[in-house]
**Q** 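Attaching a single structure in structure tokens format; questions to follow.
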Amino acid sequence: MSPSSKVELYAAIRRDARAGMSGRALERKYNVGRRTVVKALSSAWPEPRKKPPPRPSKLDPFKPVIDEILRADLDAPRKQRHTVKRIFDRLIDEHAMVDVSYQVVRAYVAVRKPKIRTEAGRGPAEVFVPQSHRPGQEAEVDFGEVAVRLRGTLVTCFLFSLRLSFSGKAVHKISLSGGQEAFFEGHEHAFRVLGGVPLGQIRYDNLKAAVAQVLGFSRQRVETERWTAFRSHWAIEPFYCQPGLQGAHEKGGVEGQIGWFRRNHLVPVPEVGSLAELNTRVEAWDVADETRRIGARPRTVGEMFALEAPLLRPLPDEPFETGRWFTPRVDRFSQISIRTNRYSVPVRVIGRRVRVLLHASELIVFDGRTEVARHERLLAKAGTRLELDHYLEALIRKPGALPGATALEQARAAGKFTPVHDAWWAAARKTHGDRDGTRALIQVLLLHRHMTHEHVVAGLAAALRAGALTADAVALEARKAADTDITPPSICDRVVPAAAVASLTERRLTQLPPDTRPLPSVAIYDQLLSSHRTPREGTNP
């Protein structure tokens, strides 16, 4: 019995080939050519038949006219819209259409009319079915863009949000990027705050951080390898929404949560000095939001989360490294390239390969196991972030390169190289010359490695007033400033408050019983002195 389909034919050829039948015997048995046998042996699935290109139609010149008529009908009164017969007649009378049958026009209108309504946003009304969620089972995740004024510059950041479907409890985290590192760090932060992981599914859209490829119109996805490992570590069961606007409705809870959070906490645009400061505020806002009620719910978010929290899956014991490792080589400009951006490292590692751990908002550079640099991540592409301190050893040998250095320009813009530095540098160059004055400044900049920025600036200002234009004088004045300033602003959080320090002497005097013992006598020592001073016989007193 001959195979009834091409798939069965391929299966029969492959079965007989495994049994040892030769290619010529297969050709004779199944009455096929050599190419068919080769294709069957190379793949069990036949190649799809190539679809022939559409043939040109005499209706093609008139299709734009029909589309325009259908679009005009969208705003026309319902009982005064074009029928297919009226469109056919107008094409003949007004556009001289010939040799096109009514059936061809009718078939085209039947296909195009619903498409034009959909393109204009007037498709059939969608039905939303209310859903119920069990506690501890489901959650939703998404990113949203937010504007932040960071150190005086308006930048676009990314707001990660994970929302539990039952209670509405949401955890947020803002980062400089919306890449895979931010995706992972947001999950880890949310799970730590919630104290567990949902037992059921977490809904996602098709973020590139998780999905490498969408397979057709199904819900099957080709996941990225790191995401597969990450969700396996945290025991996450993902549910991927449909692409486009229709998929957004499948996780409407987190979509609405991001908009609500942005309107209520990020208006007006927050002004912060660092993302760490901003995320501290975000954590406080998340705690405060537990007192609100969602819609007409009888309980607050916090009360419902109290019921849900014990049902979450416990956190794993071992951590998962959310950052991504790179091993670039340091070029002769003492820079490394990460994701199209360049960052500086100390000049002593030029020519070596270093290890870079890239996080959502910062990157850390290691030489072996020693951390040698830490940078805030750049937002735009093809940017450069240089640290002046990384080039000081080279500038000692090449002081003439300092005035035009890009690192110096960035230090001025960041406020690390202050007008006090410039004033002292100008005075030092005037006194010692450009080369020696610049070298003196570089020695002053080296003080920043061991002393706080405020103390060095204070030392520069004091030395400038006294006319002391040497690095030793600045170091002396900076130490004086450090001695008088017991709790400088930069380290005040690590110093014990003065009120908390108890005097041991005061405590001993106030808490111990009074000492009633007599004071020691020194009379015996007076006797020794008097006997020593008595003149011996036969000597003059």
Side-chain angles (χ1 to χ4, degrees), residues 150-152 271-277 280 344-348 362 364-365 370-376 385-397 399 401-403 405-432 434-501 503:
L150 183 62
R151 293 186 291 272
E271 298 186 11
V272 294
S274 66
L275 275 188
E277 175 188 347
T280 301
S344 67
V345 295
V347 294
R348 66 177 181 273
E362 69 172 2
I364 309 172
V365 185
T370 305
E371 180 182 332
V372 295
R374 185 184 291 259
H375 290 280
E376 187 178 85
R385 173 155 287 156
L386 307 180
E387 189 72 33
L388 181 59
D389 181 75
H390 294 160
Y391 294 91
L392 295 181
E393 285 81 3
L395 291 171
I396 284 286
R397 301 190 304 270
L402 179 60
T406 306
L408 176 61
E409 180 183 350
Q410 293 190 7
R412 280 198 181 102
K416 298 179 180 179
F417 196 89
T418 64
V420 179
H421 287 81
D422 272 318
W424 191 91
W425 185 18
R429 284 188 296 177
K430 185 176 180 180
T431 302
H432 305 298
D434 289 343
R435 184 187 63 180
D436 294 338
T438 301
R439 282 179 173 168
L441 173 69
I442 296 170
Q443 292 174 355
V444 170
L445 295 177
L446 289 169
L447 296 175
H448 286 280
R449 296 181 178 179
H450 312 289
M451 309 184 74
T452 63
H453 178 79
E454 295 82 3
H455 293 158
V456 175
V457 173
L460 279 169
L464 185 61
R465 288 193 299 269
L469 303 175
T470 63
D472 293 338
V474 175
L476 178 61
E477 295 296 335
R479 291 191 185 96
K480 289 181 181 179
D483 292 339
T484 56
D485 186 8
I486 299 176
T487 57
S490 60
I491 60 171
C492 61
D493 294 335
R494 293 176 288 169
V495 178
V496 180
V501 180
S503 171

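Since this is a predicted model, take the numbers as computed values, not measurements.
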**Q** Using side-chain heavy atoms (C-beta onward) and a distance below 4.5 Å, is E376 in contact with L150?
**A** yes
**Q** What is the distance from atom CZ of R412 to atom OG1 of T418, rounded to the nearest 0.5 Å?
**A** 10.0 Å
**Q** Quick one: CZ on R449 to CG on D389, what's the gap to the nearest 0.5 Å?
**A** 4.0 Å
**Q** For Q410, give me all partners under side-chain hydrogen bond (donor to acceptor under 3.5 Å, both in side chains), at least two apart in sequence or on another chain.
**A** none
**Q** If you look at every heavy atom in P399 and R439, which pair is closest and at what distance?
**A** CG-NE, 3.8 Å
**Q** What's the shortest heavy-atom distance between W424 and A468, and which atoms?
**A** NE1-O, 3.4 Å
**Q** Below 4.5 Å, heavy atoms only, C-beta onward: do L447 and H455 meet side chain to side chain?
**A** no
**Q** To the nearest 0.5 Å, how far apart are CG in L386 and CD in E409?
**A** 10.0 Å
**Q** Compare every heavy atom of H390 with every heavy atom of V372, then report the nearest pair and how far apart it is.
**A** O-NE2, 4.1 Å
**Q** Identify the heavy atoms of D436 and H432 that sit nearest to each other, and give their distance.
**A** CB-O, 3.6 Å
**Q** Which pairs, with at least one residue in residues 470-479 and sequence neighbours excluded, count as a side chain to side chain donor-acceptor pair (under 3.5 Å)?
**A** none
**Q** Run the numbers on L441 and F417 for side-chain contact (heavy atoms from CB on, under 4.5 Å), then give the verdict.
**A** CA-CA 11 Å; L441 173 69; F417 196 89; 3.9 Å; yes
**Q** Would you say the side chain of V457 lies within less than 4.5 Å of the side chain of H421, judging by non-hydrogen atoms?
**A** yes
**Q** About how many Å separate CG of D434 and CH2 of W425, when rounded to the nearest 0.5 Å?
**A** 9.0 Å
**Q** Out of curiosity, Q443 CD to T438 OG1, how far, rounded to the nearest 0.5 Å?
**A** 11.5 Å
**Q** Does the pair E387 and K416 meet the rule for a side-chain contact (heavy atoms from CB on, under 4.5 Å), with working shown?
**A** CA-CA 10 Å; E387 189 72 33; K416 298 179 180 179; 3.1 Å; yes
**Q** Looking at every non-hydrogen atom in both residues, tell me the closest pair between L392 and I442 and how far apart they are.
**A** O-CG2, 3.8 Å
**Q** Out of curiosity, L402 CG to L395 CG, how far, rounded to the nearest 0.5 Å?
**A** 5.5 Å
**Q** If you compare all heavy atoms of L469 against all heavy atoms of A427, which two are closest, and at what distance to 0.1 Å?
**A** CD1-O, 3.4 Å
**Q** With a 3.5 Å distance limit and no angle check, can you tell me whether T484 reaches the backbone of A481 through a side-chain donor-acceptor pair?
**A** yes
